[in-house]
Protein chains: 2
Amino acid sequence: MSSIKDVSRYAKVSPSTVSRVLNGTAPVNSETKKRVLKAVKKLNYQPNAFARGLVTNRSGSIGVIINEISSPFHSAIVQGIETVVEPTGMHLIVSSGHNKLQPERNALNFIVQRRPEALILRLETLSDKEFLDWLRSEPAQTLPIILLGRYIPELSKSCVCLDNELGGYLATKHLIDMGHKKIAHISGPLSMKDSCDRLQGYRRCLETSGLSYDETLVIEAKFTEESGQQAMQRFFDQGKDFSAVFIANDQMAMGALYTLRQLNKRVPEDISIVGYDDLLFARYLYPALTTIRQPLAAMGEAAARLALRALEHKTIDIKQKFEPELIQRQSVLRFA
Amino acid sequence: MSSIKDVSRYAKVSPSTVSRVLNGTAPVNSETKKRVLKAVKKLNYQPNAFARGLVTNRSGSIGVIINEISSPFHSAIVQGIETVVEPTGMHLIVSSGHNKLQPERNALNFIVQRRPEALILRLETLSDKEFLDWLRSEPAQTLPIILLGRYIPELSKSCVCLDNELGGYLATKHLIDMGHKKIAHISGPLSMKDSCDRLQGYRRCLETSGLSYDETLVIEAKFTEESGQQAMQRFFDQGKDFSAVFIANDQMAMGALYTLRQLNKRVPEDISIVGYDDLLFARYLYPALTTIRQPLAAMGEAAARLALRALEHKTIDIKQKFEPELIQRQSVLRFA
DNA sequence: TTTCTTGATGAAATCGCTTTCATAAAAGGT
DNA sequence: ACCTTTTATGAAAGCGATTTCATCAAGAAA
C-alpha cells in the first residue's frame, strides 16, 4: 500500500509538501498542488490513520460501550449517537460488554488502547466504586466521558439518564387508574439497575395506592423475548390470579403476548399489559402495546453532543435528564 | 497518558524489555518481569494501538460496511460477524453506507485509512464495475475482501449470498399452491439488487404458473415499516382486487399488517401475507408471519470465518451459498 | 585457561505521518 | 540598490511502539 513517500517521489516533492496539500495546513503553489493531487489519485493513496493519529494525537474516534449491538434497544441508542457523530467526520468504535463483568472490563481496556477522544459508556455490571477508581486513573483523567443510563453524582455533568423508578411507577399507576387491583410484574435481571428501579417504582406505586406488594406476582426474567414468553407461561403454570402485568421491557412484552395467545387469553380483555421502552415494533404488535417510552435515540444524541461539546470545550446546554412517558395504545383495558 | 517509556523508567529497564514482557516475544528474567508488571499496573499503562499497529503493520481490526447499524436486518448480520470475530481478539470497525452512492464510497475510503486486515462488505449502490475497478487498485490488492449478499464471478471464492430470485419464487409459489390467483407484491427499492431479484422471482413464478404478471399489482416501497404501511394503504385506495400479497421484507410486512388492521381486513382470512427475512419479530406478530427465511446471522458468521480464513491462509471449506427457506406460520390461508 | 553458547538486556532503526525550523527565492518598501 | 517580508519548499525531529543487532556476563565445553 502506498505511503506519503511514494506520493512525494511520484510528484517530485517532499513528503512535507504532500502533507500540506492534503491537509491544507500551509499555502502550496497551485502547480505543485496539482501534481501532488495527480500523484495521490494515480497511486490511490489513502493516508495511514495510525501514523497520523500517532503524531497528531487525535484518533478521530469516539469509544462506545454497550451490551449488545444486535439488540433493538441498544441499536436505537447507537443510531442516535451515530446521527450526531457521523457528520463531524469522526467515527465510532463500539465494543460489547455482554452484560458481564469481565467482558465489560476488557471492552474498556480494549477501547482505551485505541485512544478514542471521548467515551460514551453504558455500563451495566461495573460497580460505581470500581468505575470511579478507574476514572481516577491515568487514561480517564484526560478523556471526556459520558455515562448513559447511569447517574453518578461525582459525574453529574456527564450523565444522560432517565428515571426508571418513575417509569415503573407510571406504568403501574396507569394500570391502577384503569381499575386493576391484581397486577403482576415481569422484571429484567435484578443484577441490572434499570430492572431494580422499575421494580421499585412498581412496588412504590402499589404501596402508595393501598395495594399490597406480593412478591409471588413478580418474576425475574432476562429482558429477552424468550424469557418474557417463559415468565408469562410460569404465571399460568402456577395458577396465579391477576388482571394486568407490567413488563419491564417491550421485548419481553412481545414474548409474553405470544404466550398469552397460545393460552387463548385475550389482551386486553383478559389481561392488560404495559411494556417499557417503546421500541419501534411496539406500535405494530397486536394489540398495539401500551408502554413507557424511553427516547433512546434522543438520549444517544444527547450523549454524543455532550461528548463533542466536551471535546470543543464549549458549553452548550444539553438535555441530560429524560422523562419516561406513558404511551397509551391498545393493550390495556379498564378493569370491570 | 503513560507510554512505554514511562513504564521503562519506572521499572528501571529499557523500553525493549517492557515490550518483551508484555508480548512474551523473548525470555525475560523473572525478577525483571515482576518489576515491569508492577510498573504497568501502577501507571495503568495501556499500549497505544496506533503505535503498535504502525510498526507491526497489523491493526487487529476487520472493516465492515453495511447500510445502517440500527436496522434489525443489518444488526442481525453484524451480530453474526461479531460472534466469530470477537473471540479472536480482533475488533470490528463498521461504517454505514446509508444506501447512497457517495456515503458508500466515503465509508470505503474511511475504512481503508484505518488499515483493516480484512473487509466484509455489503455494498448496495456501488456498481459491479466501479467495485471491480476499485478492487484492482492498490489497497484492495493486498486485502482479503468478502462480499455479503452480492455475487461477482471474479470473486466467487469470497461471496456469501442467498438466491433472492428463488426466495421470491418460493414465496409466490406458496401462495399459488394455496389457491391464490390474485397476488400483489410490495417490493423494496428497485435500485437494490435484492429487491429486483425478489420481484423477478415473483414474476417468474406467476408466469410459469399460468398467471399473468400485472404491474399495477406491484408497488415499490422502501424496506421500512412505514413504507410498507403506506404501500398497503395505496392498494386499497386504488381499489385493487387481490387475495394475497408477497411483501419483500418483514419490516414492510409488519407495517402492512398494521394498515390491514386499521382497514378491518382480517389476515389471513381476507388477505394472505408472505414476508421475507424471518427477522426475530416475525414469529411474534399477529398473525405470526409466514415468511422466507434468510439465515442472516449464519451468513454473517460465514463471511467472518471466510475473512479470518483468508488471513491465516488456511482453506477450511465454508458454506457460501445459502438457500432461502419458506417458514410457514399463520399469515397465509388456503383461498376458497 | 580459553572459547563457545546461552540468556538477559539495551541501543538504535523503523513504521508513516505531521510539524517545526531553516532556507532560498520572489516581492515589497524606502 | 539594500533590507525586510512573504511565499514555497525541504530536512529533520518526533509520536510510541516493535524488532534487529550488539553487548556482556555467566556457565558449559574443550
Side-chain angles (χ1 to χ4, degrees), chain A residues 1-37 39-40 43-61 109-110 112-117 138-139 142-143, chain B residues 1-37 39-40 43-61 109-110 112-117 138-139 142-143:
Chain A
M1 189 162 296
S2 47
S3 76
I4 199 171
K5 264 193 179 170
D6 300 320
V7 175
S8 74
R9 253 194 304 270
Y10 191 94
K12 300 199 198 310
V13 294
S14 73
S16 335
T17 301
V18 176
S19 171
R20 286 189 271 253
V21 170
L22 261 28
N23 299 302
T25 46
V28 173
N29 179 287
S30 71
E31 275 305 307
T32 321
K33 192 182 284 184
K34 238 181 265 174
R35 279 213 319 283
V36 169
L37 259 14
V40 165
L43 299 178
N44 221 297
Y45 169 68
Q46 297 285 357
N48 183 322
F50 286 2
R52 174 180 272 172
L54 189 55
V55 50
T56 59
N57 204 22
R58 313 200 340 90
S59 62
S61 66
N109 288 334
F110 181 87
V112 167
Q113 297 185 2
R114 264 83 198 157
R115 299 291 189 269
E117 298 180 33
E138 263 283 29
T142 46
L143 213 53
Chain B
M1 191 165 291
S2 47
S3 77
I4 199 171
K5 264 192 180 171
D6 301 320
V7 175
S8 74
R9 251 194 306 269
Y10 191 94
K12 300 198 198 309
V13 294
S14 72
S16 334
T17 301
V18 176
S19 171
R20 286 190 271 252
V21 170
L22 260 27
N23 300 301
T25 47
V28 173
N29 179 288
S30 71
E31 275 306 307
T32 320
K33 192 180 286 186
K34 236 180 270 173
R35 276 210 326 278
V36 169
L37 260 14
V40 166
L43 300 179
N44 221 297
Y45 169 67
Q46 297 286 357
N48 183 323
F50 286 1
R52 173 180 272 171
L54 189 56
V55 51
T56 60
N57 204 22
R58 309 193 351 83
S59 62
S61 66
N109 288 334
F110 181 87
V112 167
Q113 297 185 1
R114 264 83 198 157
R115 299 293 188 268
E117 299 181 33
E138 263 283 32
T142 46
L143 212 54

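Convention: sequence-line order gives letters A, B, ...; per-chain numbering from 1.
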Send over the distance from [X] [atom1] to [N] [atom2], rounded to a whole Å.
| X | N | atom1 | atom2 | answer |
| --- | --- | --- | --- | --- |
| A:N57 | D:dA17 | CG | P | 11 Å |
| B:Q46 | D:dA17 | CD | P | 11 Å |
| A:L54 | D:dG14 | CG | P | 14 Å |
| B:R52 | D:dA17 | CZ | C1' | 8 Å |
| A:R114 | D:dA17 | CZ | C1' | 13 Å |

Within-4.5 Å side-chain heavy-atom neighbours: B:S8 and B:S14: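 No; the side chains remain at least 4.5 Å from each other.
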Heavy-atom side-chain contact between B:N23 and B:R52 under 4.5 Å: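 Yes, at least one pair of side-chain atoms sits under 4.5 Å.
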Would you compute the distance between atom [atom1] of [X] and atom [atom2] of [Y] and round it to the nearest 0.5 angstrom?
| X | Y | atom1 | atom2 | value |
| --- | --- | --- | --- | --- |
| B:F50 | B:R115 | CZ | CZ | 12.5 Å |
| B:N109 | B:R114 | CG | CZ | 11.0 Å |
| B:K12 | B:T17 | NZ | OG1 | 14.5 Å |
| A:Q46 | A:S3 | CD | OG | 13.0 Å |
| A:M1 | A:N48 | CE | CG | 9.0 Å |

Test applied, side chain to side chain contact (heavy atoms under 4.5 Å, CB included); reference residue, B:T32; option that passes from B:V13, B:L37, B:V18: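 Running side chain to side chain contact (heavy atoms under 4.5 Å, CB included) over B:V13, B:L37, B:V18 with B:T32 returns exactly one hit, B:V13.
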Nucleotides bounding contact with chain A, strand DNA chain C, heavy-atom threshold 4.0 Å: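 Both ends considered, the range comes out as C:dG16 to C:dT20.
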Sorted by number, the residues of residues 17-33 of chain A with heavy-atom contact under 4.0 Å to DNA chain D: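 When residues 17-33 of chain A is checked for heavy atoms under 4.0 Å from DNA chain D, the hits, listed by number, are A:T17, A:R20, A:P27, A:V28, A:N29, A:T32.
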Strand-adjacent residues in residues 1-10 of chain B, judged by heavy atoms under 4.0 Å from DNA chain D: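 Close to the strand are B:S3, B:I4.
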Toward the 5' end of DNA chain C, by each residue's nearest nucleotide, B:K12 or B:T56: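 Per heavy-atom nearest nucleotide, the more 5' residue is B:K12.
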Intermediate values then yes/no, side-chain contact (heavy atoms from CB on, under 4.5 Å), A:R20 and A:K33: CA-CA 9 Å; A:R20 286 189 271 253; A:K33 192 182 284 184; over 6 Å; no
Sidechain-backbone polar pair: B:S19 side chain, B:P15 backbone, donor-acceptor under 3.5 Å: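 It does not hold such a pair.
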Other residues, nucleotides, ligands: >12 heavy atoms within 6.0 Å of B:N29 CG: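 Yes - once you tally the heavy atoms of other residues, nucleotides and ligands closer than 6.0 Å, there are more than 12.
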